[in-house]
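Here the structure comes first, spelled out in structure tokens, and everything after it is commentary.
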Amino acid sequence: MKPEPATTLVDELRRAVREVGAPEDFEPGLERPRDTSHGDYATNAALVLSGRLGEPARDVANRILQAFDKEAAGVMEIEVAGPGFLNFRLRDAVYWRGLLRILKADHAYGRSARDRPRAVNVEFVSANPTGPLHVAHGRGAAIGDVVASLFEWTGDAVTREFYVNDAGRQIDLLAASVEARFQQRVGEEAELPEGGYMGEYVRELADRAIQEEGLERLLGMEPEERVVLFGKLAIRWVREGHERDLDDFRVHMDLFREESGLYTRGEIEGVLERLRAGELIYEEGGATWLRTARFGDEKDRVLIKSDGSYTYFLPDIAYHLDKRSRGFDLAVDVWGADHHGHVGRMKAALPALELPEDFLEVVIIQLVTVTRGGKEVRMSKRAGQFVTLRKLFEETGVDVARYFFLMRRAEVPMSFDLDLALDTSEANPVYKIQYAHARLCSVFERASLRPEEARATEEELAELRRESEREIAKSLQRFPDVVLGAAQARAPSQVCAYLERVAGLVNAWYHEGNLDPSLRIIADGPARPGRLVLARAVQITLRNGLRLLGISVPQRMDREE
RNA sequence: GCGCCCGUAGCUCAGGUGGAUAGAGCAUCGGCCUUCUAAGCCGAGGGUCGCAGGUUCGAGUCCUGCCGGGCGCACCA
């Protein structure tokens, strides 16, 4: 699983450490120092062992150094540094060989397998079908989509799922809102119901109903009948809008799972029976409660209200049981910040249903504010005017919108800077990465070489002597590890940070050739084949990284002039 | 009041699960255009990592307590 250079090093280190008297259970750790003067890898083994061996750390380090077989591990140089670190500098050949491996892996570079792949369900967006998707949904969509991809890239099987709350009271409210707009349209006095939906789209729904169903027919209906029809139509149309928005935002759901199905299939009743049998529910004040407090929630929660209707919590429990019974090993729910209060109760419900505690994982997406000219673009759902996801990505482009949502950690509230998003210079991190890729495409064009045909022997690669080249080769080889780490942390932002860093190194390398033409990638000389292979390896890594993020990989960046 | 999240450069934020001298972009200042695309490049200044303790050889990172901000605390969804 670990990249090649590290494995051989760790093996040898493990052996050397045993030789100096480390206990059997001791595992030496290997890290990559930030500072390149500290070598390619470093270990703190001596620092950790010094306590257990009762010997100064630097002495332990020196003994490990003596025991270490450099030849076997592809190490050029070892030094004892600071309080007792061992710094390893690998032979350059290790990195040049790594470049050839990248070329060979090509589209698979960055992907890894798992001994036992898991079936993972990533549920995200899950917007109520009562209005268009807005920017916060967009952030959840981008992050959920890439978290799902990260599972795929690291060897799990993933289902992308959207939970449709098509059964609750908010649907009735939407229907009543459409009815009110309909009344107004035909010249009647009508007011939106209490808590109704005020958005402009409600008027559009009413108009569309008139257009498609015919005014005569609608007017001829009993109001109750008409409201039911409006409800059905509104849900259908709003959902179609959601699917279209997501599609255009390059988010492709495998499944839209409907809440209403939980009722018709009797899954809700099944849950109630199960809980009743386990004596986990009780009645009080006319309502039916679940003993979530027993499982770590702050208090018990109502499942059935005293008027006999169900709370949202009950179908949600059934839904998670449904996920489990469909064979998933892990359910990752991506929720908006306004739902974080539900994490405790949902997690408490799992053991009540005898589901493993780690079956459910919740990623909370914090709020997004959109700023233009340094000022916040207001979005107020109550006033019915908000920035829809579609409007946002139509203005910035899908690449930019996705990237901006992805580059920040989910748990920090972010501001979406429209000015930066619309900036087409390399100040915009998306372009910085895409541009680095496009530049190298252009280099290959200049070299009259198809990128797939880049070839170099190890001897030719050894002609790469510049520090920038070594640095790039080194950082490219981190990619699989970065993907693994990001997957583990459920943090697409780590991939963004990595790609920006690589793009920065690459752009600097490229620009060395502006000042000194002999340093150009296509400049004639013994280093040319190696440079082209390095360029190819960069292309592959950036391309795969962008693909992972669902961002396009342009061959060229056309500039307007 | 309770819970979750956040607090890192003037601003927006990274910081690879505890390492060595804390990074990027924007903004500011200085230099560079007949380029393998200068919508760019090179460089400079700018930090008590909210505060106080603790664990550790070693803390922006882990623990505790405060302070500040956001969100949530329904028989709403």
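Each chain gets a letter, A, B and so on, in the order the sequences are listed, and its residues count up from 1.
Under the rule for a salt bridge (Lys or Arg N to Asp or Glu O under 4.0 Å), the partners of A:E258 that lie at least two apart in sequence or sit in another chain are A:R239. Under the rule for a salt bridge (Lys or Arg N to Asp or Glu O under 4.0 Å), the partners of A:D333 that lie at least two apart in sequence or sit in another chain are A:K323. Partners of A:R501 under the salt bridge (Lys or Arg N to Asp or Glu O under 4.0 Å) rule, at least two apart in sequence or in another chain, do not exist in this structure. Scored by the salt bridge (Lys or Arg N to Asp or Glu O under 4.0 Å) test, A:R439 finds A:E426 as partners (sequence neighbours excluded).
The side-chain hydrogen bond (donor to acceptor under 3.5 Å, both in side chains) analysis of residues 524-535 of chain A, with sequence neighbours excluded, yields no pairs. The salt bridge (charged side-chain N to carboxylate O under 4.0 Å, His left out) contacts involving residues 293-310 of chain A comprise A:D297-A:R301, A:E298-A:R301, where partners must be two or more places apart or lie in separate chains. Residue pairs meeting the salt bridge (charged side-chain N to carboxylate O under 4.0 Å, His left out) criterion with at least one partner in residues 77-86 of chain A, sequence neighbours excluded, are absent. Residue pairs satisfying the salt bridge (charged side-chain N to carboxylate O under 4.0 Å, His left out) criterion with at least one member in residues 507-517 of chain A, sequence neighbours excluded, are listed as follows: A:R466-A:E512.
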Extract from the structure each pairing of a protein N or O with an N or O of nucleotides 27-31 of chain B at less than 3.5 Å, listing the distance.
none

Atom pairs under 3.5 Å: protein N/O with N/O of nucleotides 67-76 of chain B:
from	atom 1	to	atom 2	distance (Å)
B:C71	O2'	A:A337	O	3.2
B:C71	O2	A:H340	NE2	3.1
B:C75	O2	A:S306	N	2.6
B:C75	O2	A:S306	OG	2.7
B:C75	N3	A:S306	OG	3.2
B:C75	N4	A:G285	O	3.0
B:C76	OP2	A:K305	NZ	2.4

Close N or O pairs between protein and nucleotides 19-24 of chain B (under 3.5 Å):
from	atom 1	to	atom 2	distance (Å)
B:G19	N7	A:N44	ND2	3.4
B:G19	O6	A:N44	ND2	2.9
B:A20	OP1	A:R34	NH2	3.3
B:A20	OP2	A:R34	NH2	2.9
B:A20	N6	A:N87	OD1	2.7
B:A20	N1	A:N87	OD1	3.4
B:A20	N1	A:N87	ND2	3.4

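Counting non-hydrogen atoms under 4.0 angstrom, A:G513 reaches a base of the nucleic acid. Counting any heavy atom pair closer than 4.0 Å across all strands shown, A:I521 reaches a base atom.
Both A:R409 and A:Y510 lie close to RNA chain B; mapped to their nearest nucleotides by heavy-atom distance, the more 5′-ward contact belongs to A:R409.
With salt bridges taken as basic N to acidic carboxylate O contacts below 4.0 Å, one links A:E463 and A:R465. Using a 4.0 Å cut-off between a side-chain N of Lys or Arg and a carboxylate O of Asp or Glu, A:D419 and A:R372 do not qualify as a salt bridge. With respect to the salt-bridge test (charged N to carboxylate O, under 4.0 angstrom), the residues A:R490 and A:E361 qualify.
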Q: Let me have RNA chain B in dot-bracket notation, would you? Count Watson-Crick plus G-U wobble pairs, both distances under 3.5 Å, and use [ ] for pairs crossing earlier ones and | for inter-strand partners.
A: (((((((..((((.....[...)))).(((((.......))))).....(((((..]....))))))))))))....
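Distance check on atom C1': B:A9 versus B:A14 gives 13 Å, rounded to whole Å.
Between the side chain of A:T424 and the base of B:A39, a donor-acceptor pair under 3.5 Å is found.
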